[in-house]
Amino acid sequence: MVYKSKTLAIQLKKDLVSMLNRANASHTGGCLSCLDIVSVLYQKILRIKPNKPKSANRDRFILSKGHTGAIIFAVLANKGFFPKSWLDTFCDNEGKLPGHIDSHKVPGVEFSTGSLGHGLSVGTGMAMSLKYRNVKSNVFVLLSDGEMNTGTVWEATMFASHHKLNNLIAIVDKNKLQSFGRTKDIVNLDPLSRKWKSFGWKVYEVDGHNHKQLNEVFLKAKKSKTRPVIVICNTIKGKGLKNMEDKLISHYRPPTDEEVKQIVGEVR
Ligand SMILES: Cc1ncc(C[n+]2csc(CCOP(=O)(O)OP(=O)(O)O)c2C)c(N)n1
């Protein structure tokens with residue numbers, strides 16, 4: 001079965017490498033590790049409308065790992081939230097799209113992030129407010145593994161299970177690398193799944209590049225009756241660029257002209 005989200009993923013990869021190369025920007029690795037997750041969410045799961053980005057019953061998506069805003073800008077442009085030409089202004093001084101994700105400037109962005117560790121707390125508040133108002137929407141928060149070294153993540157984790165926020169779905173892009181090394185060497189998170197279970201969450205673990213698994217797990221997560229859900233996605237930092245896969249340099253280095261040519265499939 002061919003998933004339409006795979007077609008979107010191919011386009012996103014082309015747009016992403018072009019954007020990062022043109023802007024000479026970093027965070028290639030962290031964008032590529034969550035590209036498949038983002039493709040499945042935006043193609044198959046999130047209830048959102050480009051012509052009504054603020055509709056009351058929309059699903060909310062928060063990118064807690066805000067340094068990888070480029071991948072969300074690429075998907076929002078492809079979904080029609082704003083013209084694709086905006087992608088050519090990514091990171092420009094007077095451009096439409098800043099380096100980190102920004103809800104004040106970009107239609108379809110739910111919350112500005114970049115200082116790591118805050119997205120889950122904000123998502124928890126949103127989920128609680130939706131429940132109080134009896135709005136049947138889900139809140140999805142995409143976190144990086146490195147940001148779980150931050151204490152606020154664990155406060156939100158306790159709070160959400162205490163309040164039985166079954167409309168909250170956290171997703172971890174577990175690419176196992178952060179800015180200065182391997183997550184296991186900096187502050188080890190494992191056994192991650194057991195930690196979240198002990199905090200009262202329903203936990204799923206999947207291959208974060210497998211669209212079938214991602215689609216199925218998100219559909220299951222939306223049906224949770226009493227508990228918040230976390231989907232731990234095992235991913236590869238720099239996925240899809242041979243010289244970057246599982247390499248620390250992918251955190252910093254933009255795609256080269258040669259890599260863009262390979263991915264886009266045409267001479268620029
Ligand atoms: C509070 C905070 N401290 C430091 C940084 C600088 N910083 C940017 S990305 C990053 C870590 C990247 O690793 P990870 O969080 O695992 O993200 P990914 O590998 O998915 O890119 C850091 C420390 C930040 N953005 N926020």
Side-chain angles (χ1 to χ4, degrees), residues 9 12-13 16-17 19-21 23-41 61-75 90-91 97-103 109 111-123 140-157 170-193 195-196 205-209 214 230-241 243-255:
L12 291 185
K13 193 169 163 192
L16 178 80
V17 293
M19 286 163 74
L20 296 176
N21 168 273
N24 201 25
S26 50
H27 305 313
T28 312
C31 285
L32 287 170
S33 62
C34 67
L35 187 148
D36 291 305
I37 300 167
V38 167
S39 303
V40 173
L41 282 174
F61 171 80
I62 297 174
L63 179 75
S64 193
K65 42 177 277 180
H67 56 282
T68 57
I71 187 62
I72 301 303
F73 297 152
V75 79
F90 173 63
C91 270
L97 304 172
H100 287 50
I101 200 153
D102 188 332
S103 58
V109 174
F111 192 73
S112 304
T113 49
S115 179
L116 288 163
H118 302 298
L120 190 61
S121 300
V122 172
F140 295 78
V141 182
L142 177 57
L143 300 113
S144 54
D145 52 359
E147 78 168 310
M148 287 192 191
N149 293 169
T150 317
T152 46
V153 173
W154 300 100
E155 284 181 55
T157 307
I171 304 159
V172 185
D173 175 6
K174 193 179 183 207
N175 64 28
K176 300 157 202 83
L177 279 167
Q178 37 186 286
S179 359
F180 293 115
R182 299 219 163 257
T183 305
K184 74 174 169 47
D185 298 328
I186 294 170
V187 177
N188 188 24
L189 297 166
D190 289 323
L192 191 58
S193 151
K195 286 195 174 91
W196 282 81
E205 190 154 3
V206 295
D207 173 350
H209 299 299
L214 287 166
I230 180 155
V231 181
I232 299 174
C233 298
N234 288 299
T235 59
I236 299 170
K237 197 154 175 168
K239 167 80 175 167
L241 284 182
N243 293 331
M244 292 216 197
E245 283 192 358
D246 197 36
K247 293 200 170 64
L248 192 58
I249 192 68
S250 75
H251 192 72
Y252 302 98
R253 179 166 82 63

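Just so you know, ligand 1 is whichever comes first in the structure, and atom 1 is the first atom listed for that ligand.
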Can you confirm whether something in the protein, heavy atoms only, sits under 4.0 Å from atom 4 (C) of ligand 1?
-> no

Taking atom types as modelled, is there a side-chain donor on Ser250 or Thr28 under 3.5 Å from an acceptor on the other?
-> no

Approximate separation, where rounding is to 0.5 Å, of Thr113 OG1 and Leu142 CG | 9.5 Å

Can you label the angle between the His67 ring and the His100 ring as parallel, tilted or perpendicular, going by 30° and 60°?
-> tilted

Backbone N/O of Gly240 and side chain of Glu245: donor-acceptor pair under 3.5 Å = yes

Taking only heavy atoms of Ser115, which atoms of ligand 1 are found under 4.0 Å from at least one of them?
-> 1 (C), 26 (N)

Counting from 1, what ligand 1 atoms have a heavy atom of Gly30 closer than 4.0 Å?
-> 21 (O)

With heavy atoms of Asn175 as the reference, note each atom of ligand 1 found under 4.0 Å away.
-> 18 (P), 19 (O), 20 (O)

Calculate, to the nearest 0.5 Å, the distance between atoms NE2 and CG belonging to His209 and Leu32 respectively.
-> 9.0 Å

With a 4.0 Å heavy-atom cut-off (strictly under), which part of Thr183 contacts ligand 1: side chain, backbone, both or neither?
-> neither

Which protein non-hydrogen atom lies closest to atom 23 (C) of ligand 1, naming both residue and atom, and how far is it?
-> Ser179 OG, 3.3 Å

For ligand 1, which atoms have a heavy atom of His251 less than 4.0 angstrom away?
-> 9 (S), 12 (C), 21 (O)

Rounded to the nearest 0.5 Å, what separation is found between the NZ atom of Lys176 and the CG atom of Asp185?
-> 13.5 Å

At what distance, to the nearest 0.5 angstrom, does CG of Asn175 lie from OG of Ser33?
-> 4.0 Å

Go through ligand 1 atom by atom and flag the ones less than 4.0 Å from a non-hydrogen atom of Glu147.
-> 15 (O)

May I ask whether His100 places a heavy atom under 4.0 Å from ligand 1?
-> no

Would you mind listing which atoms of ligand 1 come within a distance below 4.0 Å of any non-hydrogen atom of Gly114?
-> 24 (C), 25 (N), 26 (N)

Side chains of Asp145 and Gln178, donor plus acceptor under 3.5 Å = no

To the nearest 0.1 Å, how far is atom 7 (N) of ligand 1 from its closest protein heavy atom, and which atom is that?
-> Leu116 CD1, 4.0 Å

Name the closest protein heavy atom to atom 20 (O) of ligand 1, giving the residue it belongs to and the distance to 0.1 Å.
-> Lys65 NZ, 2.9 Å

Salt-bridge criterion met for Asp190 and Lys174 (N-O under 4.0 Å) = yes

State the atoms of ligand 1, each with its element, that fall below the 4.0 Å cut-off from a heavy-atom position in His67.
-> 9 (S), 17 (O), 18 (P), 21 (O)

Evaluate side-chain contact (heavy atoms from CB on, under 4.5 Å) for Ile101 paired with Phe73, printing each intermediate quantity in order.
-> CA-CA 8 Å; Ile101 200 153; Phe73 297 152; 4.0 Å; yes

Nearest non-hydrogen protein atom, atom 19 (O) of ligand 1 | Lys237 NZ, 2.6 Å

Out of Lys239, Lys237, Arg182, which one pairs with Asp246 under the salt bridge (Lys or Arg N to Asp or Glu O under 4.0 Å) rule?
-> Arg182

Using a heavy-atom cut-off of under 4.0 Å, does the side chain or the backbone of Gln178 touch ligand 1, or both, or neither?
-> both

Under 4.0 angstrom from ligand 1, any heavy atom of Gly117?
-> no

Which of the ligand 1 atoms, numbered from 1, are nearer than 4.0 Å to a heavy atom of Ser144 | 14 (P), 15 (O), 16 (O), 17 (O), 20 (O)

